[in-house]
Amino acid sequence: MTRLVVVGNGMAGARLVGEVRARDAKMSVTVLGAESREPYNRVLLSNVLAGAYGPEQVRMLDPGWYAEHGVTALLGAEVTALDRDAQTVVTGAGHRVPYDVLVLATGSEAVVPPIAGAGCGLAFRTMDDCQTIIGAAGTARAAVVIGGGLLGIEAARGLAGRGLPVTLLHLADHLMERQLDPEAGLVLGETLTGLGVRIRTGVRVTEILENGDARPKGVRLADGEVVDGDLVVLACGVRPLTALAEDAGLEVDRGVVVDDELRTDDPSIFAIGECAQHDGNVYGLVAPAWEQAVVVADLITGTDRAARYRGSRLVTRLKARSVELAAMGETHVDESADGCAEVVRFSHRARGTYRKLVIRDGRLVGAILLGESQAVGTLTQLFDRGGPLPGDRAGLLFPELPGAVVAESPVRMPDAAKVCQCNNVTKGQIRSCWEAGARDTVAVAAATRATTGCGTCHEVVKGLLGWLNEQEEVPA
Ligand SMILES: Cc1cc2nc3c(=O)[nH]c(=O)nc-3n(C[C@H](O)[C@H](O)[C@H](O)COP(=O)(O)OP(=O)(O)OC[C@H]3O[C@@H](n4cnc5c(N)ncnc54)[C@H](O)[C@@H]3O)c2cc1C
């Protein structure tokens, strides 16, 4: 019998184990996780930090799941070496676990900047990190968040929501510079300011100042200015955990290099999730990790030997209360310098609204939607499917206008439209599961997993079910 060993019990590893068990009840499966708790939805840690969820609400598996499914789970077991000759993984405690097929799902670690005093800053990656930050927030006077990417913004908003004065410091000239153009970054900053987060961009932190008891008292900037804060959160990016693969002689670039089967250069070893690099890309979102888990499960159980991973089109959504933001694809295009791109833009700073579409050959290749907008669903679908756009560009940006295209209306939404980005669930799949008897979001989540990633599709799924339920009530 094939012995499958999975290293890493996070979002990719845990999903893989579930997918394998769903296809093969007998395969010997062992998962080793460095964290001592059962897997949880890491994406929702921002919601835990903000106080919207408790830790138990983001658990991915019931405690009894492993025993019920005949899976050996070694929690709190960090793998420290791979012995490829003996096809065995070795834990820090000296435990050796043999494998026929090995999957690396070690994710990433938070980057700690190489500055003095960094040790008294708090990283934000794990549930333990999250609980440490919440504990510190309880007695802190003021917080400083270093890093204005998705994670830093969600952390800052969450802490401000707990009533703490928060300063967000960011090295680049505008927030989320990878996903947003400068104007969108500016509007986002203004929105956050209105919610109690002081924003400073274009600033470099050179030191975290300690107050003597290993707690910080502030941070020093490159120009000597000191920003006060007795809670400092580090949100300075992540780095894929590749040391195991590298030490074992596997090909590693930024991540562990894999092919379309998610196989490394050792055919018995796969890598998925944030530790993997596919076609030059290392993804930092959960949707690719879960898509990869499905492909590997298909391959190693023999359910679909033709399964291949071809890359993901990412949609980034911020989960910060009172800040609506979605960004996808090419967003930095400037039509004055790029004659092939058509850019449609609307900005209303006073209302915190910024909308931008980037179109090539009549297809949507990028978008930013900041501020409340009914356009998100439609545009995400158009981006996702890469289909031709309707000629009415204003109607795309303003679906509330009379006569506009409202593809997110359940009636018009094609069955192939992706509703849950994280779990890759389409309208057609939701309709099928409704036809099979699912009548509410809990039942749909149980059948399809829609809504169980970042949760931002919850309202769309609810709307879809409402519409289907209404259809049922209409007399023939
Ligand atoms: C606060 C926060 C908010 C986020 N928000 C979003 C969002 O809105 N949308 C989105 O798509 N993504 C979001 N992400 C990113 C998302 O969580 C990751 O993309 C996802 O968790 C990647 O899954 P993974 O399994 O590759 O890595 P992880 O979930 O990090 O899991 C890796 C696991 O492997 C374990 N491990 C590492 N090395 C070893 C070893 N040697 N031995 C044993 N175990 C090991 C680690 O302890 C960890 O438990 C967010 C992340 C954070 C931290």
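Just follow the structure's listing: the first ligand is 1, and inside any ligand the first atom is 1.
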Fill in: With Asp24 via salt bridge (Lys or Arg N to Asp or Glu O under 4.0 Å) - residues at least two apart
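Once residues adjacent in sequence are excluded, Asp24 has no partner under the salt bridge (Lys or Arg N to Asp or Glu O under 4.0 Å) criterion.
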Worksheet item: Which atoms form the tightest heavy-atom contact between Ala416 and Thr426, and what is the distance?
Response: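 Closest approach of Ala416 to Thr426: O-CG2, 3.5 Å.
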Worksheet item: Can you name the nearest heavy-atom pair linking Val419 to Lys427, along with the distance?
Response: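 Distance-wise, the nearest heavy atoms are CG2-N, 3.6 Å.
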Fill in: Salt bridge present between Asp259 and Arg308 (N-O < 4.0 angstrom)
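Between Arg308 and Asp259 there is no salt bridge, as every charged N stays at least 4.0 Å from the carboxylate O atoms.
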Worksheet item: Any heavy atom of Ala77 sitting closer than 4.0 Å to ligand 1?
Response: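 Ala77: in contact with ligand 1 (<4.0 Å).
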Worksheet item: If you measure from each heavy atom of Cys422 to ligand 1, is any distance below 4.0 Å?
Response: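 Judged by the 4.0 Å heavy-atom criterion, Cys422 does not count as contacting ligand 1.
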From the candidates [options], the one that places a heavy atom nearest [atom]:
atom	options	value
atom 37 (C) of ligand 1	Thr106, Leu151, Leu32	Thr106
atom 50 (C) of ligand 1	Leu44, Val286, Val43, Leu49	Val43
atom 10 (C) of ligand 1	Leu285, Val79, Leu74	Leu285
atom 43 (C) of ligand 1	Ala289, Ala34, Ala293	Ala34

So which bit of [X] gets within less than 4.0 Å of ligand 1, heavy atoms only: side chain, backbone, both or neither?
X	value
Ala12	both
Leu244	side chain
Thr80	neither

Worksheet entry | Heteroatom distance test (Glu78, ligand 1): nitrogen or oxygen, under 3.5 angstrom |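 Not met; the criterion fails.
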Using a 3.5 Å cut-off and no angle test, enumerate the donor-acceptor pairs between side-chain atoms of residues 267-274 and protein atoms at least two apart in sequence or in another chain.
{"from": "Ser268", "atom 1": "OG", "to": "Gln87", "atom 2": "NE2", "distance (Å)": "3.2"}
{"from": "Ser268", "atom 1": "OG", "to": "Asp266", "atom 2": "OD1", "distance (Å)": "2.9"}
{"from": "Glu274", "atom 1": "OE1", "to": "Ser108", "atom 2": "OG", "distance (Å)": "2.6"}
{"from": "Glu274", "atom 1": "OE1", "to": "Arg125", "atom 2": "NH1", "distance (Å)": "3.3"}
{"from": "Glu274", "atom 1": "OE1", "to": "Arg125", "atom 2": "NH2", "distance (Å)": "3.1"}

